[in-house]
Amino acid sequence: MIRIFRRTVPMLCLLALVATAATASTPAPPAGTWLTDSTTVDQWTLPNGLRVVARHVPGAHAVSVTWGYRLGMDDEPADRLGWASLLAEVVFTAPAGGTPERTREEMESLRPLGWSLRVNRRQTLFTETATRAQLPGVLHQIAERMGGVRVTEANLQRSLATVRDALDEQSRGVGDADLYWQVREQALGIGPDELARRAEAKTLARVGPDAVRRALAYACVPANGVLAFAGDLAGLDLRAVVGAQFGGLPGGERPPDPRPVRLAAGTAVVERPGLTQPVAVVGLFAPELADTMHADFYMTMLLLGSQAKALWGQPEPPLGTRFQYALLDDPDFVRFYPKLRPGDEGDAQSPSTRVHAALFDALAVPVEPGTFATFRDNVLWLLGGPMPARLLETMRHDPAALNLLCVTSASRALWGDEEFWSAYRRRFGAEGFANPGRWSDWLSSPQLRASLLVVPAR
């Protein structure tokens, strides 16, 4: 009886706070910093260490909530490929408090406006999008999960099956999403054959509930976490709402940062059945995100990536893109998917050669001020700046776009504080600072790239 009462009272308080805000005749604008696009950003940290960030989008038809931790693939032990994904699957689906276990299939009806589970190199992020009326229930369930899930043998086995299926697909696939992951593993010293062996997850299959509980108690705690909001938050005393639901959770301790990974140059060729023509990916190593030159490198890659795509033309299946640079997922690795020529399948160096030629052709094309301004203005929102008017309108009506806004807000908070990102935005937006030519030596170095050539099985 006491446990039920303690869970119910915060929920009733939360309902009252939201109901009061919803029935106010003139909803008060949320606190925070007003941006030139009419949105507002507010950030604070709870006494238990949980970082909170909110982006008020006036007129948005939904509210997106992202929560997560500094826990990613770079934290995985060498013999436990998929460990971070397994922990994430358990956190997202296992029962917690009065919240029952759920499956990915059920999420389609539980969160019809959208949901996601993302595990990248340094972070695990969960997103649930709902209407304003559903927000109290969503927050209550998230708070129960952040307070600790019940790790059962049945849920662990279901989670393991999901992770093993994903690893098998990623390690054998030939689409750009699969190659995106494979080339990073290769740069970490895990070649295609070894990757296929590790993807069987035999060591992971021997992990029991107790080991998962210990890992979650260590890393998945408020002091190591973030909670982000994106949507129309007018009239909602969000600080009070968050404090009521999350302020009483034990904070735990923030684990130390994972050791920096060492990427190694190299090439690999692998045969895959069912492929009709060769495909390739080349990864370029980038400066560390904390490097003051990273903003210049990022802008340079956006400009060169756009021109390289124009040179190569539209990709053909199984590829869906020519260029990827997911700044907040993997800031130290850029991917290019070059157009290959007849005979390239017999030359392991051909992907790197095609990328090198395209980049230096692109370097020779002068960057017009208008082009630079367009790229800058279209990306600043990703760094915490204002959004272009067309994108803002999309955020108001498209829950998927609002989901992305929320995820990026949470991810930035885990990478650095607002002081860091303000300085990054200033460097990124300084037109005189961007000089693609300064990166010529970096782009030409074979020690700063890894490539993977995938050819049809003989």
Side-chain angles (χ1 to χ4, degrees), residues 73 85 104 114-121 125 127 165-187 192 195-196 199 268-284 286 298 301-331 333-342 344-345 350-359 361-362 375 378-379 382 390-391 394 398-401 403-405 407-408 411 449-457:
M73 289 180 274
S85 296
R104 285 175 171 253
W115 64 276
S116 66
L117 188 167
R118 304 165 187 251
V119 179
N120 58 41
R121 306 310 309 190
L125 296 168
T127 299
D165 287 346
L167 287 174
D168 181 70
E169 181 177 348
Q170 284 181 312
S171 63
R172 304 177 191 278
V174 294
D176 46 81
D178 306 311
L179 300 184
Y180 179 98
W181 179 70
Q182 292 169 26
V183 74
R184 171 66 184 239
E185 296 300 310
Q186 179 193 321
L195 185 60
V269 180
V270 60
E271 294 183 358
R272 294 277 161 75
L275 195 63
T276 59
Q277 58 185 0
V279 294
V281 58
V282 177
L284 303 185
Y298 182 40
M301 288 298 101
L302 293 179
L303 295 169
L304 297 185
S306 174
Q307 295 182 39
K309 288 194 291 185
L311 288 170
W312 289 326
Q314 289 295 321
E316 298 178 358
L319 297 181
T321 186
R322 293 293 190 190
F323 168 75
Q324 290 176 315
Y325 192 5
L327 175 72
L328 299 174
D329 287 352
D330 203 353
F333 210 46
V334 190
R335 276 83 163 179
F336 287 87
Y337 304 83
K339 181 178 179 63
L340 301 177
R341 298 178 181 176
D344 280 351
E345 64 271 18
S350 60
S352 183
T353 301
R354 301 293 169 235
V355 170
H356 184 272
L359 290 180
D361 285 346
F375 274 88
N378 285 339
V379 175
L382 183 68
R390 186 171 61 179
L391 178 59
T394 300
D398 185 354
N403 180 316
L404 180 59
L405 177 64
V407 170
T408 56
S411 184
R449 65 181 64 190
S451 64
L452 177 64
L453 175 61
V454 186
V455 299

Approximate separation, where rounding is to 0.5 Å, of [X] [atom1] and [Y] [atom2]:
X	Y	atom1	atom2	value
Lys339	Gln314	NZ	CD	11.0 Å
Leu404	Asp398	CG	CG	10.0 Å
Met73	Arg184	CE	CZ	8.0 Å
Arg354	Leu359	CZ	CG	13.5 Å

TODO: Please say whether more than 12 non-hydrogen atoms of neighbouring residues, nucleotides or ligands are located less than 6.0 Å from CD in Glu271.
DONE: yes

TODO: Please assess Arg272 against Val279 for the test side-chain contact (heavy atoms from CB on, under 4.5 Å), listing each intermediate value before the final yes or no.
DONE: CA-CA 10 Å; Arg272 294 277 161 75; Val279 294; over 6 Å; no

Task: Asp329 bridged to Arg118 by N-O distance under 4.0 Å - done: no

Check whether any side-chain N or O of [X] sits under 3.5 Å from a backbone N or O of [Y] as a donor-acceptor pair, and report yes or no.
X	Y	result
Tyr325	Pro331	yes
Ser411	Val407	no
Tyr337	Asp176	yes
Ser306	Leu302	no
Arg335	Tyr180	yes
Gln182	Gln170	yes

[Y] side chain reached by [X] side chain, heavy atoms, under 4.5 Å:
X	Y	value
Ser116	Asn403	yes
Val281	Trp181	no
Gln277	Glu345	no

On a heavy-atom basis, which atom in [X] and which in [Y] lie closest, and how many Å separate them?
X	Y	result
Leu179	Gly173	CD2-O, 4.2 Å
Ala308	Phe336	CB-CE2, 4.2 Å
Phe333	Ala286	N-CB, 4.2 Å
Leu328	Asn120	O-ND2, 4.0 Å
Arg449	Leu284	CB-CD2, 3.7 Å
Leu452	Pro192	CD1-CG, 4.2 Å

- [ ] Carefully, step by step, assess Leu340 and Leu453 under the rule side-chain contact (heavy atoms from CB on, under 4.5 Å).
- [x] CA-CA 10 Å; Leu340 301 177; Leu453 175 61; 3.7 Å; yes

Task: All side-chain contact (heavy atoms from CB on, under 4.5 Å) counterparts of Asp168, not counting sequence neighbours - done: Arg172

- [ ] With side-chain contact (heavy atoms from CB on, under 4.5 Å) as the test, would you mind laying out the steps for Leu382 and Tyr298 before giving the verdict?
- [x] CA-CA 12 Å; Leu382 183 68; Tyr298 182 40; 3.4 Å; yes

